[in-house]
Structure formats: C-alpha cells, structure tokens
Amino acid sequence: MNGIYYYLIAFAVIWILVGIFHKKLSKHGVELNFPIIMWKTKKLRGVISKISNLSPKFWRYYMNIGIIIAFAAMIYITWTIISTIPTVFDNPSVSIVIPGVEMPGSTIYVPLGYGLIALATVLIVHEFSHGIQSIGEKIPIKSIGLLLFTVLPGAFVEPDDEQLKKAKKISRLRVYAAGSIANITLATIAIMLVFIISAGIPHFFAEDGIEIGRVVGESPSEGILKEGMVLEAIDNHKINDSSSYMDIVGSFKPGDNISVQTDQGTYSIILDKNPNNESMGFFGIQANKHFVLSNNSLGPIPWILFNLLELFQWIFMLNLGIGLFNLLPIKPLDGGHMLEILLSYKLSEKHYKPIINALSATLALIIVFTILVGFI
C-alpha cells in the first residue's frame, strides 16, 4: 500500500473527529478554521523559558554567529536553485519529500518510520529554538502547538506579534535565524554520529555482496525482485562488493535483457531508461551493502548500529534540507523576514518592500515550476 494512502486516511480521520467533537475539543485548545486545524497550548512555555534562562548570553552569542551563517546559507541555497534552472528537465533540484511516499521527480525516498522520527526532530528543534530565542530577547510567547493545513502537518511557536515588531532589528534577526540554525546544528551533530558509527561497523561486520534495500515502484524490477534479496551476479558477472556492483550496472543500456542471480533465484529483467541519465540502463532498485557479522562477541547487539546509522542519516538530511530551504529569501519563510530586516537598515519601506516581494515571487515560481517538472 502506497504510503500516501496512510496519510490521507489519517488526515481524513482527524478532520472527521475534529468536525464532530469540535465543541469539546475547543476547551482543550483545538481551533477549527477551514482549511486549518490548530491545537494551541501554553503548558510548554515554562519549559522553553527554563531552557532560555539557563544561559541567556550563550543563546545570544550563539545566534549572533548564527545570523552570519544564516545569510551565507541563504546565498548558497538561492544560488543552488537558480543555477540548476538550465538542467531542470534532466534533474529537478527541488521536490516534495514525504516519508513513506514515492514522489514523482524525486530521487530521494524517505522510509516511513525513520522519516517521521527525523521530521519530528526538524519541527521540535526548529520551533523550540524560535521560542528559546524569543524569550531571550524579552519577547513573550503566546502559545505553542500543532497545525494541519488541509493535509500538510506542521508545528509553531507563536510569539507576541506586537512585541516582536517593537523589538530591535538585531533581536528580530536572532529570532528568525534561530530555527534554521538549530536545524543545521542538529544536522552537523547527526553527520558526526554517522561518521562515528560508520567507523565502528568494520569492527563487527564484513562486507559480503549487495542487498536490495528497496524496489522502486513502476520500475523494471517491480514484481520481480524483492527487498532483502542479496545480489550474487548480474549476467554472470560476480558481485563481490559495492565497487564491483557499480562497475557492472554502469555497463548496461536501456532495453538490455539482463539475468540477475540472487540468493533466492535467478530472474530476467528488461532495463528501462535511467531518469537521471537516459543513456544508462535502469534497474529500479536501491542497492545497499550486505554485511555479515564477523565479531559475535556481543551477540546480535551490533546489528542495532545499522538502525542508528540510517536514523541519523535521515535526521541529517531532513534537518539540513528543510533548514536551508527555510532560509530562502521568500516571505513568509524566515529567510524572507531576515532579508527584509537587513535591507531596512539602509532602505525605506517603500524601497525594500518591492524588492522582497519581487524576489519572493520569482523564487516561488521557480520552485513551483521545478516541482511540477518533476511530476510531469
């Protein structure tokens, strides 16, 4: 069952239940204003205040550096998206990523379980950081909560808008930068853990061929190969490790009829065109290294290293990707607010507003166009 159906069923149930029990739920902070459902609470404000008050100077200095990093990241991600326009039809640079769902045009498939956990870290770290910095800048938090915009979930920290507008420009810059900088920081920690775990794996395991991690939907391998199969040879070319696998699959062309030998039998597959390079053959499988336990002094415990490795990889990818995307100079993203504040140091409102509006519209059109190209 495609993951998208699980989401649609879950969101349909939420809308039905909120619609039926709206009056009762409203007493617990649930608001229904179609197309948005919001749940607001004030209970977590004390937790955020305690974290902020542990070391107000640290958060301020940390975010002073964060502002510089945020603007550098803003330039990087903006240039990345603009520079890939000439190749958008071959390799779209932006796509929608939903855990457990194969999205057209996206070369990234996020597993449902790991993806939801990683996405939760993105939302929690991002929104809590906005709240921590707001408290540090003496800007009260009105509420914290979750929202559902039709079928798009999210989280929010709601600062006092009036106090935010009255705050110093540098204070507002720190508040807006806090979310993405926290995501980038968590991504940095996650990738460091990935390197540490990767360094530990050879002490317990030995590489032994290639295992199919996932079969791409509507690909030549769908219905033939299965997740978990170990590839032993392709067209009688023996596969010993990931290096030999890459050499073998790179030699085939679209239309080739290939014999695939696995630990569960031999199968025939006619290759399609590779979405990223039409001159290469496309199997439609996600190949992973297959490992066997070489040091069993700890029994089956070392196998958890692979679960941790994959989890931290997705925490890294989603926090970095979403954190950078949120720094695009597009309102209402944090990057749009930050650029507007920066321009206001030298320009009047009548001059910087048109610049922000034009830039927001242009980049938004590029992103929407890129996503649509992926779907087409």
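All values below were derived from every heavy atom in this structure, side-chain atoms included, with hydrogens, water molecules and symmetry-related copies excluded. As the structure is a computational prediction, the values presented were derived from the model and not from experiment.
With hydrogens and angles disregarded, no donor-acceptor distance shorter than 3.5 Å links the side chain of Asp235 to the backbone of His237. No donor-acceptor pair under 3.5 Å is formed between the side chain of Asn183 and the backbone N or O of Leu320. With His337 contributing its side chain and Lys331 its backbone, the two residues share no donor-acceptor pair below 3.5 Å. A donor-acceptor contact shorter than 3.5 Å links the side chain of Ser52 to the backbone of Gly136. Listed for the Ser344 side chain is a donor-acceptor partner under 3.5 Å among the backbone atoms of Ile341. Without hydrogens or angle criteria, Asp272 side chain to Pro220 main chain gives no donor-acceptor distance under 3.5 Å. Between the Trp39 side chain and the Leu25 main chain, no donor and acceptor come within less than 3.5 Å of each other. Proximity of a side-chain donor or acceptor of Ser180 to a complementary backbone N or O of Gly323 within less than 3.5 Å is detected.
Within 6.0 Å of atom NE2 in His22, more than 12 heavy atoms from other residues, nucleotides or ligands are found, so the atom counts as buried in its surroundings. With a 6.0 Å radius and a threshold of 12 heavy atoms from other residues, nucleotides or ligands, Lys226 has its NZ atom at or below the threshold. Residue Ile304 qualifies as open at atom CD1: its count of foreign heavy atoms under 6.0 Å is 12 or below.
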Can you give each donor-acceptor pair under 3.5 Å made by side-chain atoms of residues 187-206, sequence neighbours left out, with the distance rounded to 0.1 Å?
from	atom 1	to	atom 2	distance (Å)
Thr188	OG1	Ile184	O	2.9
Ser198	OG	Val194	O	2.7

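Contact of the Ile37 side chain with the Trp15 side chain is registered, since non-hydrogen atoms from C-beta on lie closer than 4.5 Å.
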> Between Leu293 and Trp303, is a side chain to side chain contact (heavy atoms under 4.5 Å, CB included) present by the stated rule, with each step listed?
Replying inline: CA-CA 8 Å; Leu293 196 63; Trp303 287 106; 4.2 Å; yes

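Residue Phe252 belongs to a hydrophobic cluster whose other members are Ile210, Ile212, Val215, Ile224, Leu225, Met229, Leu231, Ile234, Ile239, Tyr245, Met246, Ile248, Val249, Ile258, Val260, Tyr267, Ile269, Leu271, Phe283, Ile285, with links defined by side-chain heavy atoms closer than 4.5 Å.
Residue pairs meeting the salt bridge (Lys or Arg N to Asp or Glu O under 4.0 Å) criterion with at least one member in residues 118-140, sequence neighbours excluded: Glu137-Arg174. Counting only residues at least two apart or on different chains, the salt bridge (Lys or Arg N to Asp or Glu O under 4.0 Å) pairs with a member in residues 341-362 are Glu340-Lys353.
Under the rule for a salt bridge (charged side-chain N to carboxylate O under 4.0 Å, His left out), the partners of Lys142 that lie at least two apart in sequence or sit in another chain are Glu158. In terms of the ring-ring contact (aromatic ring centres under 6.0 Å, His included) criterion, residue partners of Tyr62 (sequence neighbours excluded) are, by chain and number, Phe58.
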